[in-house]
Each structure stands twice: as C-alpha cells, then as structure tokens.
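Each chain gets a letter, A, B and so on, in the order the sequences are listed, and its residues count up from 1. In this text the structure is predicted, and so the values were computed from the model without any measurement.
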There are 2 protein chains.
Amino acid sequence: MAGKVNQDLLNERAKCNFDVEELTNLLDDGAEQTKKRRTLEQNVLSIKGLLDDVPEEYLSHKEKYENGLRKTLLFCKALQTYDKESANKSFQENIRLNFRNSLWSAVTKDTSPLLLHLEMFMISILEQGTEEQSKYWGKKAANFEIIGTYAQTELGHGTFIRGLETRATYDVDTEEFVLHSPTITAYKWWPGGMGHTANHCVVMAQLYIKGKNYGLQPFMVQIRDLETHMPLPGVKVGEIGPKLGFNTVNNGFLGFDNVRIPREWMLMKNAQVLKDGTYKASPNSKLAYGAMVYVRVVIINSVFKYLSRAVTIAVRYSAVRRQSQPKPNAPEPQIMDYVTQQHKLLIAISTSHAYHFTVRWLWDLYIKTNKELKRGEFKNLPELHILACSMKVISSADCTALIEKCRLACGGHGYMLSSSLPLLYGVSTATVTYEGENTVLLLQVARSLVKTWEQISKGHITVSPSVVYLCNRTPVPKWDNSLEGILQSFKRVAKGKVSTSVSSLDQYRKSGLSPEDAWNKASVQLIAAAEAHARVIVLSVYKDELERKSSTLSYPLGTVLLQLLELYYIYWTLEKTGDLLLHTRLSEKDVRDLQYRYEELLEKIRPNAVGLVDAFDYRDEILSSTLGAYDGRAYERLMEEALKSPLNAEPVNESFEKYLKPFMRGKL
Amino acid sequence: MAGKVNQDLLNERAKCNFDVEELTNLLDDGAEQTKKRRTLEQNVLSIKGLLDDVPEEYLSHKEKYENGLRKTLLFCKALQTYDKESANKSFQENIRLNFRNSLWSAVTKDTSPLLLHLEMFMISILEQGTEEQSKYWGKKAANFEIIGTYAQTELGHGTFIRGLETRATYDVDTEEFVLHSPTITAYKWWPGGMGHTANHCVVMAQLYIKGKNYGLQPFMVQIRDLETHMPLPGVKVGEIGPKLGFNTVNNGFLGFDNVRIPREWMLMKNAQVLKDGTYKASPNSKLAYGAMVYVRVVIINSVFKYLSRAVTIAVRYSAVRRQSQPKPNAPEPQIMDYVTQQHKLLIAISTSHAYHFTVRWLWDLYIKTNKELKRGEFKNLPELHILACSMKVISSADCTALIEKCRLACGGHGYMLSSSLPLLYGVSTATVTYEGENTVLLLQVARSLVKTWEQISKGHITVSPSVVYLCNRTPVPKWDNSLEGILQSFKRVAKGKVSTSVSSLDQYRKSGLSPEDAWNKASVQLIAAAEAHARVIVLSVYKDELERKSSTLSYPLGTVLLQLLELYYIYWTLEKTGDLLLHTRLSEKDVRDLQYRYEELLEKIRPNAVGLVDAFDYRDEILSSTLGAYDGRAYERLMEEALKSPLNAEPVNESFEKYLKPFMRGKL
C-alpha cells in the first residue's frame, strides 16, 4: 500500500505559499495541542483489530452492528489506556479539548452504538440528576458498568414534545412510577444503542400524580437484565431498521407495558416528587436550555468537520484527476484547474473556516452564559438559545449542501462508497433534522426576531447584541465593496426581511386571520428572514474572529486566510443578489465588479488549495477514502478496494448455475 | 396488513375537487392505456417470489446481488408472459409506450443487473451494428441467449472520451483485433452487469491499424464462457464495490490482456475495417448523436418519475402526520397544513408535471429529427442535441433537489430506508453525473449559446426556434405578472446572462488570455447563462403543452393544473429575483405581490394535494414505502418493517456474551 506520492500532489505541495503546519497549529489552538492529538491518533490507531480488513459496506445489516460494537468497545478501552488527560478534566473541558478529535470516525465511521451513552445519557445524568443521582449513575456510566441511552422522540411525536404520550404514573402506595406506552405512536423511536446495546435508559415521560399531568420529566429505567441482557418484563425493545446513515448506531424502539421503577429513579434535580405524591416544581425550568445549547454546539462542530473531510477528499482528487483537452496538443489539465471546479470546492474550504471560528465563539459564549445560569442570572440565555438555533440551522444546511457538492465534483467516483463521500453526506444530512428540525428552529428564530422588532417599534431599544442592527434607522448608504460594507449590507437585508414579514403578518391579521393563521400564512417569509439573520451572524463572527487572530499569523498565512474570508463574503453576495438589490443600493455594475473579484480570488487561492486541505490534518485512517488519501493514489486504491469485495473472491458467482444459466436456456 | 385507510387520508380524498381518474388518464395518454398498465401491473405483481419478504436492505452486498439477479430473471420471464404487446413493437415504440411503466421499481428498486443489457447493449447493437450484425446479436440478446453490457468509461477517463486508453489493434495476418488495456487507468469501470452477470460486452476502444489511430470504435467482445461463465483468457473482470445507489446492478470493471476477436466483431454500421486493414470512415459521424439524445430522454423520464414517487410519499405522510399545537386546545394539525410544508412539497408536484410534458415534447422532437436523419437531413440535430443536454441537466438537478426536500420534509422518518426516500435520492442523484456530467453539459450548451450570440451580432438572424429570443432587440417592457409576461422576462434574463458572459469573455481575451483560458475564466458565468436558457425551455414547454391540452380537460381538472403551472412560474420568479431585478423591470412591489399570490396559490392547491399525488397512480408495491402507502398506516408499517430486521429475530444478540458483557466487567 505504501507507494510513492502522486506527482501532481507533490507539485501542488511544492507550490503552496504558506506554512501548512502553522495553519494546522492555528486550527488546533497551538502546536502543543497538535502534537498531543497526533500522538493520541498514532497510539490508538496502532491497535490491532480496530480497523476493518473487509470494508463494513460489504456486511449485512446485522454484521455491521456486531462488528461496530466490537470495534467500539476496543476503542473505548484504547482511550482508557492512551487518553489519560481526559480522565482528570470535566465533561465540558473535554468537549472543548476534543473539538479537533475525529478519531471515532476512523473506527466507526457510520457512528457507534455507544454514541448516546457517551453523550446524551451522561449529560442527562449530570444535568438532570440530583447530586447523589449524578454521582451514583455517573460513576457506573463512566465505568461502563451500565450502558445507557436517552429516549425522548416517539414514533408519532418529535418536535412537539408536549405531545409525547409515554406516561409515568406515580403509585403512592408502592412509591413507584408506572411507565406505560398507551398506543403504538407512544413507542420511543430512534435512540442510539437502544436496539440491542443499552441496558439503561433515561426516558422522558408525562408525569401523572393522582390523575393530574405535571408535564415531561426524566426517568432512569433499567430495560435489560445486566446478567443475561434479556429485556425486563414489560419492556418491548428492538432496533428500528436500516437508515440513510448511522447504521452501526443501533437505533431502537422502546415500549412499556406498565413497567415499575422506584420513586428515586426519577431524575430530580429540577422537579421532585415526594413520597406522598407531592410535586415540587423546578426552581427554574430554563436550566434545561443549557443542555440543548450544548448539543447544538456539538452538532455544529461535527458537521463542519464532515465538510472539511469532504473537501480534503475532493480537492486532493481534483489535483490528481485529469480530464479533457481544452488546448490542442496540451496534456489533459488537472480538474482543479477548471474554474467551475474551483467554484464548487474553494467555498467549502472557506465555509469550514467560517464554522471553525463560529463554533469556538459560540462555545465560549455558552460557557460564559452557563456560569451566569449557575449564579441565577438568566438574562443572556434567550440570546444564546437563538444564536445556537440559528447556527445549528445554517451550519447543518450549508455544510450538508457543500458536502454533496464535493461529492458531485468528484464525478462518478464520488458515488463509490469507498470515496467516503456518500457516508459523509449520510451522517451530515441527519443534522438538518435532529435536535431541532431546521424549519422548526427557523420559526423559533423568526418568532424572536419579530418580538424584538415589535419591541423596537414600541421604543424599547435595549436589545441583545446580535440583533442591534434591527435598530438602525440611518438611510441606506452607497454600496461599499469592503468586507465591513458587505456585512452592513447583509444586516440591511436581514432587517428588510424582518420588516417585510412583519408587514405581511399585519396584513394577514387585518384581513381577518387569527394570529396563528396569519403567522402560518407568512411563515415562508419568516423563515427567509431568520435565515438572513443567521447569515449575518456567521459573516460577522467569521470576520471578527479571524481579524482578532490576524496579528498572531505570519504574513503568508494571514494573506491566504483573508482571501478565504473575502471569498466567503463575495460568494454569498453573489448568491443573494436578489435580496441585496431589494434592500441595499447594490447596482448592476457592482454585481459585475464582484463577479470579477470572485474570479480573481479563485485564481489566487487555487495554488494553495491542496495546502489548505492538508492543513486540516486528517490521517488517512480518518478520511478512509480511496480518492482522498495523502498519497493521491486514487485509481490504485479504487481497484484495491474493489478487489476486497466478497463477490470478487470467486470468479463465478453461484447464481450463474442456479438462475442465469437455466434462464439463458429458457429453462428457469 | 390489509387494514382500513387512515381517517385523515379519507378526509383528504373526500375534499379533492377534481376527478383523480381523469388526471391519471391524462398522464397515461388515455383511459385505455391506464387500463393496460394496471392489468400488466396486476398480472406481474401477483407472481410469487418477485417481491421480498425480508427487505433487501438487511442483506449483505453479495446477497443483494444474488437476490437481485434472481428476481430480475423471474421478472423478465413474467414480462414475456404478460407483455405480449411489446413483442410486436419497435424498440422506440416501446420506449414511448412504457413512459409510465415503473414496474421494474417494484422488483429491483435499486435497479437491475440486466439494466445495461436491456438498454445500452441492445441499442448499441441496433445503432452501431450492420444490418447483419444487428440481426444476429439482436436476436440472441432479445432471447437472452447472450447477456451483454456496454463499456465506455474507464477508471481514469469519463467525460473526455477521446482520452480513453483501451486499444483495439488490427492484426492483418490473422484478421483479428487485439484488445488491450495498457494501464490501470485504462480499465473499463462502471458498466452495469459487468461484474458477474454479462458474458458479452460492447467495448469502445481506440482503433489502431498499422500504427495509426482511427479514433473510438465499438467492438463486440465475449468476456465469459457461455457454459461455465468463467472469464475468458486475458479478460480481467469483477465488480467495483458498493455505491450510494445501484447496489443490485452489479457494476463492474474490465481489463484486457491482448484479447483477440475476429474482424467481423467490430460493429461496422458507421465505420469499417476491411480484411486488408483498409479503414473506411463513417458516412456521417453525427448519427451517433441520436443514441445520446435517446438516452437522455430516458433519463429525464426516469428522474421526474422518481420525483413523483417521492412527493406521493411525502404528501400522504404529511396528511397523516400531526404535530404541534399552534392554537391552544385545538388538536395537533396535519403537517400538510403548515405553509412551510406546502412550500416544500407543492412545487414538487408542479415540477413532476413540468417534466411530464417536457419529456413527451422532447421525445416527439427526437422521433421527428430521427426520421430526418435517416433521410440524410441534419439541420435540426444540433438544436435537438442542445435541447436534450439542457433538459437532462435541469431535470436531474431539479428533481434530485426536490426529492431530497421531500425526504427532509418527512423529518426523521424520511431518513429510514423503509420510507424509500433515501433510495430515490440515491438513484436520482446519479443522473446528475452519468451520461454527460451536468457541468460539462452546461458548458456545451453555453458554447452553443455564445456561438449563436456571435452569429446574431454578425447579422445572422436565422437561428433555431429555441434561441430566437436572443434576437429580441425591443426595449424591456414594464413588468407583467401574467404567465406570458413572466416567460418573456425569463427570456430577458437568459439573454442578459448570455450577453454579460460574452462581455466577460471579450474582456478576458482583451486582457491577454488565450481563448481557452478566457473561456475557463468566464465559465462560472457561462454555466449560469446555460442554466437560465434551460429554465426558459421548461417554462415555455410546460405552458405550451398544458395549454394545448386544456380544451380536452374538465373545468375542475383544468383549473387545478393551471394553478400548478402558475405556482411553478411564480416559484421560479421568486427564486430568481436577483436575475430578474437585473435584467427586467421587476420592482420591489412586484416581488411583494408575487409573494402574496404564491401564498394564495399554496392555499388553493392544498386541498387537492392528496388527490394530485393519488393521480400519479403508483401501486404500493412500486412505492415500497412505509410512509407513503395508499392506506396511510405509516406508523404501523414502520413498526412492521422494523420487526422484519434479522437483528430483532432474537432478543439478545450474540455480541452481548462475546463482547459487551466482558467489557462491562472490565474483562475484554
């Protein structure tokens, strides 16, 4: 396998005009972190049995699970051995420290049956359990003495959590909760690891005491026997079947037929049920928002990393692939030299950088706000919540679309699973739907924008920092091609769209519609306004954060990072000319100038394309791509992978004698 | 399984205000055709063993192939029994007759290992063989005495067919061609059925006679023994491995180590090699364009049918799914009642209709032009070629994007393979890449537009009908909201974009770039111009063809079809405001009016949504979707399908004792 590096890639690396290692260190938050990450990768990936000999894609659905579980456990053990640092740090510190860690992807690329154990189960225990409960179950979970998952969504209920049907009815006599699924639509559906892996589960259920509903509460439920792994009496559990992605994650369903748990198994940090059935409400129900924000930050961080992997693959392949002959007698050019290809791929690099900076900024805000929450200060929570919603929507939508663009930019070979591009699409598109479906979140963002707008029109002008631009009453200035000018113009667009949709809302109301129906009627416009707001945030944070860093960068690196930033700005200006023509003083000539500048930037960035993706520093095991490996042996690897197909192990498949031959002779 | 129909769907069907059967008959080109199609479906789908008990998705890659081949052969037999009509018709007549036939999808939904045999292999024999060759191999292929495929694309070469490396060198002494793959990149890659199914193959190879290259020619090559199915000496053949879709199609690779075939096995309709090695050129090389157009029509027809299946699923599910509670104390609404959902789905119905009409129009043009070709008239061929390119690009791009929108509109459940939506995306997205990658085709369209533009500026005004609008020199009129007004505006946009990109080309040339480099530099703009041209064609044909039919329609059906047409027009106007603001006299107020009209149309079409998708008349076996079945038992079917998972056959998977238990006890 260890052949020499493709000559085209060698040439690309030779002409790169910035220090790739400097960029890697920047992305890692320092050279020290780069070193630690690489050491961990090296140690863990040397373990035998952790990587597949025969690619997972050849296995049956059942085998995929079994193999996935085996590797996951081996991997958890490996981390216990090699990742001593994490053990001494808090959950949150580890999240930040591991922002750049993609090791999981080398082992279970379609994600792991312990994913929910390690994220949602642990976090629920920590955030929703009393101190005692957190300690008790937290320790067991951390030591893998119990394996858990988190069950909220039901077969018939997702977004609207008040509609969940699973019940937990308190029985005062026995001091137990009775968990029950009254209908088929009440079955829990989706939890990762639920199928055949978890033996415990945090279940969100409607609390009933003496016939009265006290809303959704979290309950710890044991679902399988720890010795035999058999489902406990009254527990109906299994896996939900194959999906577009996450096929090694063992998503499951769960139904209860009057399953009893002790009163103490309700997670009671926020609300409590006393022995006699007295319900004590949560001191502050807003605390739960913290966990939602955390999950969304994790999503943003994962989805833009998927994108950076996809663009690494596509750019390297585009440097290796040669095609057509625009100039007679000249050799076929590298497809990376086609401006249409640069147009598809370079924006994906910019976008990866945009979210790299945005997610760190958002995380810092989350940590800061979390500290405030713990002091009982809630004033910044709504702003954080709306920012996290906006960023989750726009990052998942942008990155998923660009991953698909990267795949298509690799032509037919991008359709091969061995390229890893279809898989990256599968896992990334899921982020559009889960943890707050994008349309639903946009409507939440819109609701907040409309509220702010109405407050401003009533004269309240103390608004959150991210929406201050809605107060701007200065006349629209002349178009200004600078980054700051473009940013201000996007703020005008967002403001204009909020204003227009509020007018539409008013008009629909005046026509006699109820407020709800008017809202519904205007919702296409409202969503567009929320999207425009989200775009303002990314544009603004990407610029601010890069400018903040720029003094620490060498001149060559600073230059190329600024080019990427400008590319991002102009790309979106050209994508949104309709909005800008309506809401700013952009002219036809400006559009033409920006188009030329865009084409100029593509040309400037092109020579550094391979260097820029090399700097993401994904090991071949993590990329797991025939097209994107560091050595650029794309064709050789495609063939090597194909030869691993079990179908290719024998020259004639048994179906010939069984079906095809009789058929050809008219005897089937 | 045969339960009652979901009450929400019953209500939807009751409130539909047009005759669903009338629309079905219209789509089928007459009630008689509807009847025939249904009878064939009923007969074939009653055959035992044709449908899977355990869904294909649970099988391993190898098992999928074996099962797929078994079902394919059974299906071919069934057609021989029940589809007597086809036997008496020509290849082309059958294509048109079967435009509405989706029976294959019920049997091999991820397509069949005989796909290439039935399409490309047969067509190559007919179009490229001499009369004698056509008769000889055509009969064997039709009777399945031989199983073939068509091999053009190579591991290192796709779009640029002149770059293909496979050689066929004529040996005068033995009167044979020697087929050889000089490098790994010369291996044929992709042909369906090549892996383990085909025993013959039409191979495109560079013809060499006495050291001189005579370009690409087609050769019939036997690759496997008919008795043992073993690859013949010198033939290296196998499958290429798993892909995003087409996993039952057995795509393969093929390499030659000096394989000899008789001279008579070159397909010699167009060019000939005489015994003594004399090369006789094709009388007209343009004949080959005919087959390309044919294939593209077939693609357009398949991809919009995938879309109509996707929207059938999504609309029915949206009628069944209820979510949220915008009004206190009211029941959760059907998600179809959310305007954001209507915005996602109704355009997909319009788009299906748009391509339904367009593909038939294009087919008629193809038949007409084909007749001319046979008479030696070539003047309409370039126009047909450019139209087919434009339509292939825009239909594959639009339909694929909308299928994905349909999937996402179904939330988490759309991510389940049992919904069939991921599969529909997998097969449809491939159409963006194959048979002319979209970006490459758009550049071809652009080249033709620029050429026409330059001819017009030189005073030639006899241009093809589809580009007459480029000659329009009247001043831009006031904005006009009528369909005709919008169509004229889109023509202004396309013209404006052609004009702007030609200016850019000139400017780049003047700056000192070579024509090729200037072309490359302006290619992002050129592609946008080509897309705008393609949009004009669809808008115009959809409108013309529907208006042509309208006198035959009942008033209620005519009304709803016109609403869909108007929706399509306004949807694209709102999508393209940037272009329209630049190139027409569209104003901010017009945009606002159009937005209201759009919201009004959504409301008007909403009550007929289920009726409109019912009219596509897909049997449940063809839809093969838990979410989209006619009875709307979405939740029950999701659970029933999940229970078929082999993982669910046993309560405890063996991995527990093997891996998980030891791990939990720290003993792995």
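Ion pairing of B/Glu145 with A/Arg665 is absent here, as no side-chain N (NZ or NE/NH1/NH2) approaches a carboxylate O to less than 4.0 Å.
Proximity to chain A (any heavy atom under 4.5 Å) is restricted, for B/Ile184, to the side chain, taken from C-beta onward. Residue contact with chain B, scored on non-hydrogen atoms closer than 4.5 Å, involves the side chain of A/Glu657 exclusively. Within the 4.5 angstrom heavy-atom criterion, atoms from both the backbone and the side chain of A/Tyr415 approach chain B. When heavy atoms are compared at a cutoff of 4.5 Å, B/Glu599 approaches chain A by way of both its backbone and its side chain. Only the side chain of A/Ile527 comes within contact range of chain B, judged by heavy atoms closer than 4.5 Å. Contacts between B/Glu66 and chain A at a heavy-atom distance below 4.5 Å involve backbone atoms as well as side-chain atoms. At a 4.5 Å heavy-atom cutoff, the contact between B/Pro242 and chain A is made by backbone and side-chain atoms alike. In this structure, chain B has a heavy atom under 4.5 Å from the side chain of A/Val591, while its backbone stays farther away. In this structure, chain A has a heavy atom under 4.5 Å from the side chain of B/Pro328, while its backbone stays farther away. Contact of A/Gln341 with chain B is not made at all, since no heavy-atom distance falls under 4.5 Å. For chain B, the nearby parts of A/Thr197 are the backbone and the side chain; heavy atoms of each come within less than 4.5 Å. Only the side chain of B/Thr185 comes within contact range of chain A, judged by heavy atoms closer than 4.5 Å. In this structure, chain A has heavy atoms under 4.5 Å from both the backbone and the side chain of B/Ser504. The parts of B/Glu650 that come within reach of chain A are both its backbone and its side chain, each placing non-hydrogen atoms under 4.5 angstrom from that chain. Contact of A/Lys661 with chain B is made through the side chain alone, with heavy-atom distances under 4.5 Å. If you measure heavy-atom distances from B/Ala634 to chain A, you find no contacts under 4.5 Å at all. Using a 4.5 Å cut-off between heavy atoms, A/Glu575 makes no contact with chain B at all. Residue contact with chain A, scored on non-hydrogen atoms closer than 4.5 Å, is absent for B/Asn247. In this structure, chain B has heavy atoms under 4.5 Å from both the backbone and the side chain of A/Ser523. Of the atoms belonging to A/Asn251, not a single heavy atom falls under 4.5 Å from chain B.
A/Tyr425 and B/Glu404 are linked by a side-chain donor-acceptor pair at a separation below 3.5 angstrom, with hydrogens and angles left out of the test. A side-chain donor from one of B/Ser645 and A/Glu239 sits under 3.5 Å from a side-chain acceptor of the other. A donor-acceptor contact closer than 3.5 angstrom links the side chains of B/Thr439 and A/Lys344.
Two residues are said to be in side-chain contact when any heavy atoms from C-beta on lie closer than 4.5 Å; A/His61 and B/Leu59 fail this criterion. The closest side-chain heavy-atom distance from A/Ser60 to B/Tyr58 is not below 4.5 Å. Counting heavy atoms from C-beta outward, A/Lys658 and B/Arg70 have side chains that stay 4.5 Å or more apart. In this structure the side chain of B/Thr429 reaches within 4.5 angstrom of the side chain of A/Leu408, judged on heavy atoms. By the 4.5 Å heavy-atom criterion applied to side chains, A/His196 and B/Val652 are not counted as neighbours. In this structure, B/Leu244 and A/Arg407 have side chains that are in contact, with non-hydrogen atoms separated by less than 4.5 Å. For the pair B/His229/A/Asn653, no side-chain contact is recorded, criterion being any heavy-atom separation below 4.5 Å from C-beta on. Residues A/Tyr187 and B/Tyr635 are not in side-chain contact: their nearest non-hydrogen atoms beyond the backbone lie 4.5 Å or more apart.
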Notebook entry, point to check: Taking it one step at a time, do B/Ser503 and A/Arg592 satisfy side chain to side chain donor-acceptor pair (under 3.5 Å)?
Noted result: CA-CA 11 Å; B/Ser503 303; A/Arg592 231 176 301 155; over 6 Å; no

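With chain B as the partner, the residue from A/Glu57, A/Glu588, A/Met639 showing the most heavy-atom pairs under 4.5 Å is A/Met639.
Ring geometry, A/Tyr596 versus B/Tyr508: the interplanar angle exceeds 60°, so the pair is classed perpendicular (tilted spans 30 to 60°). Between A/His413 and B/Trp189, the ring planes are perpendicular. Angles over 60° get that label, and only those under 30° would be called parallel.
The two atoms that bring B/Gly158 and A/Gln323 nearest to each other are N-OE1, 4.4 Å, heavy atoms only.
Among B/Leu586, B/Thr577, B/Leu582, B/Asp579, the one residue that satisfies the side-chain contact (heavy atoms from CB on, under 4.5 Å) test with A/Leu581 is B/Leu582.
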